Undergrad: 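Take this structure first; my questions come after.
Atoms considered below: every heavy atom in the structure, side chains included; atoms not considered: hydrogens, waters and symmetry mates. Worth saying up front: this structure is predicted, and the values here are computed from it rather than measured. All residue numbers in this chain count up from 1 along the given sequence. For ligands, and for the atoms within them, numbers begin at 1 and follow the listed sequence.
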Amino acid sequence: MSVVRDTGKRALVPPFEEEHEELRATIRRWVESEIVPEQGEWEERREFPRELFDRAAELGFLGLKYPEELGGQGGDMIHDAVWAEELAAAGMCGGVGAGLGAHTGIATPPVFNFGTDDQHERFLRPAIRGTKIAALGITEPGAGSDVASIRTKAERVDGGWVVNGSKTFITNGVRADFLVCAVKTTSEGGHHGISFLILESDMPGYEVTRKLEKLGWHSSDTGELAFIDVEVPDANLLGDENEGFKLIMANFQWERLLMALGAVGAMDWCLRKTIAYAQEREAFGRSIGSFQAIRHKIAEMSVNLEAGRAMTYSALRLLTSGQDALREVTAAKLFTQRAAVDAADDAVQVHGGYGYMREYEVERALRDARLGPIGGGTDEVMKEILGRGFGL
Ligand SMILES: Cc1cc2nc3c(=O)[nH]c(=O)nc-3n(C[C@H](O)[C@H](O)[C@H](O)COP(=O)(O)OP(=O)(O)OC[C@H]3O[C@@H](n4cnc5c(N)ncnc54)[C@H](O)[C@@H]3O)c2cc1C
């Protein structure tokens, strides 16, 4: 059940520098010592402890890319990229990665990028400290890929809005203290009629209607939410009124790149786990790694990993140097999510019957990986973006 240990040292690949590799080693030690031994139980319980946010905050992980004035570490997107990749590479299950990642990677960035000073104080600072958990609420029962068709409605009243509607599949949705929520602020909605409001879970009319049971990501709480006449003050409008679509699009690029980094980490873990097993397991009097078919499968896994890593790092370099990276991020997201499912499936196959067993963890990796081609924009939507980019 071991994983091939890497030395923790790797060649410096731009945009990563020495300090990023030090962070990588710190994250790996934390995940291996404090999370991996416990996560099986959290998966069973369908929730990881809330205190994990406190611990991650204490270690500075919830504020890596935020300024020190707000309680962050003063790093940048590359530090955040290390965080996303290494959580998965170190063997963290998808559920814990999703819960922490939704907080740091998709729900707090819009507050930082579009929020007022007051919103930074009320929401971002406590989120970095781990005392408030954040979630991002875009998807609705009737609107997933077609983001522009959301129906949750915010009606203007004196001093703010009254919100009615529902959201589903919301990561951290059950215990989030605040929800960065997409709402319709014109009767037509659509590209010029969506805004973002920060909804607080203790606002009257804000209800968690269901905790969802899922194929994978068991230890993350995925919620369904309902809003009945929730009164939201003006001070909770995030960004400009009716300009929410811009926020969604800006957020998607980073979310998709973080997903690609997570998939690269997961593929790396699957490969090391599979090599270790192939070295240990014997059949017909020899190690199964000596069979050509197994060797070749492992070789193919390594090629997919390197291809995914190269595409993802290339997109990361473009995005972090301020260039348009829509095509590269989209391609990296598309390629890596399916490749990670294949890597986990290959890992299960090489483990034989043991691969199907809980204790060997690769079955969990396969279940966790399956969300990749769906969440944050499906494979089909990624292909649409790429195809249209060629003017077709
Ligand atoms: C565990 C989990 C966690 C999630 N976390 C969050 C979260 O924190 N916040 C949040 O807002 N959302 C979250 N989501 C939602 C996720 O982003 C959506 O599931 C995803 O965007 C797809 O939307 P949908 O499920 O409604 O599928 P649909 O949009 O209904 O798609 C169904 C099928 O139709 C295809 N399809 C749709 N449109 C087209 C098209 N134009 N061309 C070709 N094919 C198309 C899709 O590719 C797919 O195969 C989460 C989902 C899950 C399962």
Undergrad: Can a donor-acceptor pair be found between the side chains of Asp234 and Trp161 at a distance below 3.5 Å?
TA: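 The answer is no; no qualifying pair exists.
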Undergrad: In the protein, what heavy atom is nearest to atom 38 (N) of ligand 1, and what distance, to one decimal place, separates them?
TA: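 Its nearest protein heavy-atom neighbour is Ser145 CB, 3.8 Å.
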Undergrad: Within 45° of the six-membered ring axis of Tyr277 and under 6.0 Å from that ring's centre, is NZ or CZ of Arg281 located there?
TA: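 Pair Arg281/Tyr277 does not count as cation-pi.
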Undergrad: Gly376 near ligand 1, heavy-atom distance under 4.0 Å?
TA: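 Yes, Gly376 has a heavy atom closer than 4.0 Å to ligand 1.
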Undergrad: Would you check if there is a donor-acceptor pair between the side chains of Arg286 and Ser290 at a distance under 3.5 Å?
TA: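 Yes, because at least one side-chain N or O of Ser290 sits under 3.5 Å from a partner of the opposite role on Arg286.
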Undergrad: To check your reading of the model: name the closest protein heavy atom to atom 16 (C) of ligand 1, its residue, and the distance in Å.
TA: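 Minimum-distance protein heavy atom for atom 16 (C) of ligand 1 reads Thr139 OG1, 3.9 Å.
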Undergrad: Is there any N or O on Ile138 that sits under 3.5 Å from an N or O of ligand 1?
TA: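 There is such a contact, yes.
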Undergrad: Without hydrogens or angle criteria, can the side chains of Glu47 and His218 be said to hold a donor-acceptor pair below 3.5 Å?
TA: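 Looking only at side-chain atoms, His218 and Glu47 do not form any donor-acceptor pair under 3.5 Å.
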Undergrad: For the residue pair Asn164 and Asp229, confirm or rule out a side-chain donor-acceptor distance under 3.5 Å.
TA: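 Their side chains do contain a donor-acceptor pair, which is all the 3.5 Å distance test asks for.
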Undergrad: Would you mind checking which non-hydrogen protein atom is closest to atom 7 (C) of ligand 1, with the distance to 0.1 Å?
TA: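 The protein heavy atom lying closest is Phe169 O, 3.4 Å.
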Undergrad: Around atom 26 (O) of ligand 1, find the nearest protein heavy atom and jot down its residue, atom name and distance.
TA: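 Looking at atom 26 (O) of ligand 1, the protein heavy atom closest to it is Gly144 CA, 3.2 Å.
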Undergrad: With no hydrogens and no angle check, just 3.5 Å: does a side-chain donor-acceptor pair link Asn242 and Thr185?
TA: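 There is such a pair (donor and acceptor under 3.5 Å, judged by atom type) between the side chains of Asn242 and Thr185.
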Undergrad: Starting from atom 45 (C) of ligand 1, find the nearest protein heavy-atom neighbour and note its residue, name and distance.
TA: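 Residue, atom and distance for the closest contact: Glu380 CB, 4.2 Å.
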Undergrad: So if I count the atoms of ligand 1 from 1 in the order they appear, which ones are less than 4.0 Å from some heavy atom of Lys214?
TA: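 Near Lys214, meaning under 4.0 Å from one of its heavy atoms, ligand 1 has 1 (C).
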Undergrad: With a 6.0 Å cut-off (strictly less than), is the heavy-atom count around OH of Tyr354, excluding the residue itself, greater than 12?
TA: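 12 or below, so no.
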Undergrad: Check whether any protein heavy atom sits under 4.0 Å from atom 35 (C) of ligand 1.
TA: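 No, no protein heavy atom sits under 4.0 Å from atom 35 (C) of ligand 1.
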Undergrad: Check this for me: does any side-chain nitrogen of one of Lys297 and Asp346 sit under 4.0 Å from a carboxylate oxygen of the other?
TA: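 Answer for the salt bridge query: yes.
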Undergrad: Report yes if Asp146 has an N/O atom closer than 3.5 Å to an N/O atom of ligand 1; otherwise report no.
TA: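 The answer is no, given that Asp146 and ligand 1 share no N or O pair closer than 3.5 Å.
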Undergrad: Which atoms of ligand 1 sit under 4.0 Å from any heavy atom of Thr378?
TA: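 Those of ligand 1 that fall under 4.0 Å from Thr378 are 22 (C), 46 (C), 47 (O).
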Undergrad: Protein non-hydrogen atoms only, distance under 4.0 Å: does atom 30 (O) of ligand 1 have such a neighbour?
TA: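 Given the 4.0 Å cut-off, atom 30 (O) of ligand 1 does not count as touching protein heavy atoms.
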Undergrad: Nearest protein heavy-atom contact for atom 39 (C) of ligand 1: which residue, which atom, what distance?
TA: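 Result for atom 39 (C) of ligand 1: Val381 CG2, 4.5 Å.
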Undergrad: Heavy atoms of the protein only: does one fall short of 4.0 Å from atom 41 (N) of ligand 1?
TA: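 No.
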Undergrad: So which heavy atom in the protein is nearest atom 52 (C) of ligand 1, and how far is it from that ligand atom?
TA: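 So the nearest neighbour among protein heavy atoms is Leu371 CD1, 3.7 Å.
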Undergrad: Among all protein heavy atoms in this structure, tell me which lies nearest to atom 3 (C) of ligand 1, with the distance rounded to 0.1 Å.
TA: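 Result: Thr171 OG1, 3.3 Å.
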Undergrad: Ignoring hydrogens and geometry beyond distance, is a side-chain donor-acceptor pair present between Gln323 and Ser321 at under 3.5 Å?
TA: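 There is such a pair between these side chains.
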Undergrad: Is the Lys NZ or Arg CZ of Arg175 less than 6.0 Å from the centre of Phe48's six-membered ring, within 45° of the axis?
TA: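 Yes, Arg175 sits over the ring of Phe48.
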